[in-house]
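For the numbers below, each heavy atom of this structure counts, side chains included, while hydrogens, waters and symmetry mates do not.
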Amino acid sequence: AILPRTDELPAFTPPRVRPRMNNERRALLRNADFTRYILARFLGSLAVQMQTVAVGWQVYEVTRSPLDLGLIGLSQFLPFVLLILPAGHFADTRDRRRIIAGCYVLLLLCALLLLAFSWHGLRSAWPVFGIMTLFGVARAFAMPASQALLPNLVEREHFVTAVAFNSSLWQVSTIVGPALGDPALAQHQDLLGRLHRREPVADHDATRVARMALELAVFVVGQQGECN
C-alpha cells in the first residue's frame, strides 16, 4: 500500500481546526480595543477611497487633462515613498497613539480644505496637488504607527488571526470605497447645486450631515481620551 506523504499541507481546513478559528474570531471581537481599532481603520480607508474618486473627478472636470489625474496620484505617492522610512523610525520612538491622532487631524484638515475649494469654485488643480501632498504625508506617518499598534491590542496567540482580519477589512474597503464614492459624489453635487441656487435642502440631508458631525466629535474625543 502507498502511504500518503506527511509533508504536504491539507487542501482544506480540518474540521477540528475550525472551532478554534471561530473561537479566536469571537475573542477578537470581544476585545473592545481591537474592535475600535479595526473599525477606525476600515472607515478611514473607506473614506480615503471615496475621496480619491471625488478628487479625480473634480480635477478632471476643471482641467480636462489626463496628466493632472496622474499628478494627483504622484502628489500622494511621492511624499509617502520619501517619508515612510523616517515615519517608521518615528513610530518606534514616539507615542503611536498621538501620531495616529495627529495624522487623523491632518487628514480632516485636508478634507475641509478640499471642501472649501469645492464650495468657492475650483479654477486650478495646483491647490489640490498641494492638499494631496499633505494627505500623502499624513498617510506616510499613519501607516507604520497604526500597524505597529496592533500587537499591543491583542494577545500573542490571537495575533495571526488579528492580522488576517485587519487585512481582509482593508481589502474590502479598497473595493467598496470606489463603488460608494460615485453615488456619494452625485449626491454631493446635487446638494451643492441646491445650496448655490438657494433651494431648500431636504431634511434627510441635514440629518445626515448632523450625524456625520456627531460621529466625528465622538471619534475625536475618544482618541484624545486614549492619548491622555
- [ ] Report the distance from atom CG of L74 to atom CG of D68, rounding to the nearest 0.5 Å.
- [x] 11.5 Å
- [ ] Identify whether I131 and L106 are in the same connected component of the hydrophobic contact network (ILVMFWY, side-chain heavy atoms under 4.5 Å).
- [x] no
Open item on the list: Taking Q171's backbone N and O only, do any of them form a donor-acceptor pair with T174's side chain (distance below 3.5 Å, no angle check)?
Closed with: yes
Task: Linked, directly or transitively: L67 and V59 (ILVMFWY side chains, under 4.5 Å) - done: yes
Open item on the list: Using side-chain heavy atoms (C-beta onward) and a distance below 4.5 Å, is V55 in contact with M132?
Closed with: yes
Open item on the list: Just so I know, are the side chains of D33 and Y37 near enough to count as touching, which here means a heavy-atom distance under 4.5 Å?
Closed with: no
Open item on the list: Could you tell me if the side chain of S124 sits less than 4.5 Å from the side chain of V62, heavy atoms only?
Closed with: no
- [ ] Please answer: with hydrophobic residues joined when any side-chain heavy atoms are less than 4.5 Å apart, are L169 and V163 in the same cluster?
- [x] yes
TODO: May I ask you to decide if F42's main-chain N or O and S45's side chain share a donor-acceptor pair within less than 3.5 Å?
DONE: no
Open item on the list: Quick one: does any side-chain atom of N31 pair with a main-chain N or O of L153 as donor and acceptor, under 3.5 Å?
Closed with: yes
Open item on the list: Quick check for you: to the nearest 0.5 Å, what is the distance between F117 atom CZ and Q58 atom CD?
Closed with: 10.5 Å
Task: F165 reachable from V172 in the ILVMFWY side-chain graph, under 4.5 Å edges - done: yes
Task: Rounded distance (nearest 0.5 Å) linking atom CH2 of W57 with atom CG of L69 - done: 12.5 Å
- [ ] Determine which pairs satisfy side-chain hydrogen bond (donor to acceptor under 3.5 Å, both in side chains) with at least one residue from residues 144-155, sequence neighbours left out, and list them in order.
- [x] R41-S146
- [ ] With rounding to the nearest 0.5 Å, note down the distance linking CG in L134 to SG in C110.
- [x] 5.0 Å
Task: Gap separating the CZ atom of R139 from the CE atom of M143, nearest 0.5 angstrom - done: 9.0 Å
Open item on the list: Is it the case that the side chain of S118 and the backbone of L114 share a donor-acceptor pair, with hydrogens and angles ignored and the cut-off at 3.5 Å?
Closed with: no
Task: Derivation and outcome, salt bridge (Lys or Arg N to Asp or Glu O under 4.0 Å), residues R96 and D92 - done: CA-CA 8 Å; R96 295 160 186 164; D92 290 336; 3.7 Å; yes
Open item on the list: Show the nearest heavy-atom pair for residues I99 and A91, with the distance to one decimal.
Closed with: CD1-CA, 3.8 Å
Open item on the list: Let me confirm one number: the CD1-CG distance from I38 to L28, rounded to the nearest 0.5 Å.
Closed with: 8.0 Å
- [ ] Of all the heavy-atom pairs spanning M50 and G177, show the shortest one and how long it is.
- [x] CG-O, 3.2 Å
Task: Closest approach of A140 to P79 (non-hydrogen atoms, all atoms of both residues) - done: CB-O, 4.2 Å
TODO: Please check if L83 and Y104 belong to a single hydrophobic cluster, counting links between Ile, Leu, Val, Met, Phe, Trp and Tyr side chain heavy atoms closer than 4.5 Å.
DONE: no
Task: ring pair (Phe, Tyr, Trp, His ring centres under 6.0 Å) partners for W126, two or more places apart - done: F129
TODO: Taking all heavy atoms of I72 and all of G56, pick out the closest pair and write down the distance.
DONE: CD1-CA, 4.0 Å
TODO: Taking all non-hydrogen atoms of both residues into account, name the closest pair between P151 and F159 and its distance.
DONE: CG-CE1, 3.6 Å
Task: Closest contact, heavy atoms only, A142 versus C103 - done: N-SG, 3.5 Å
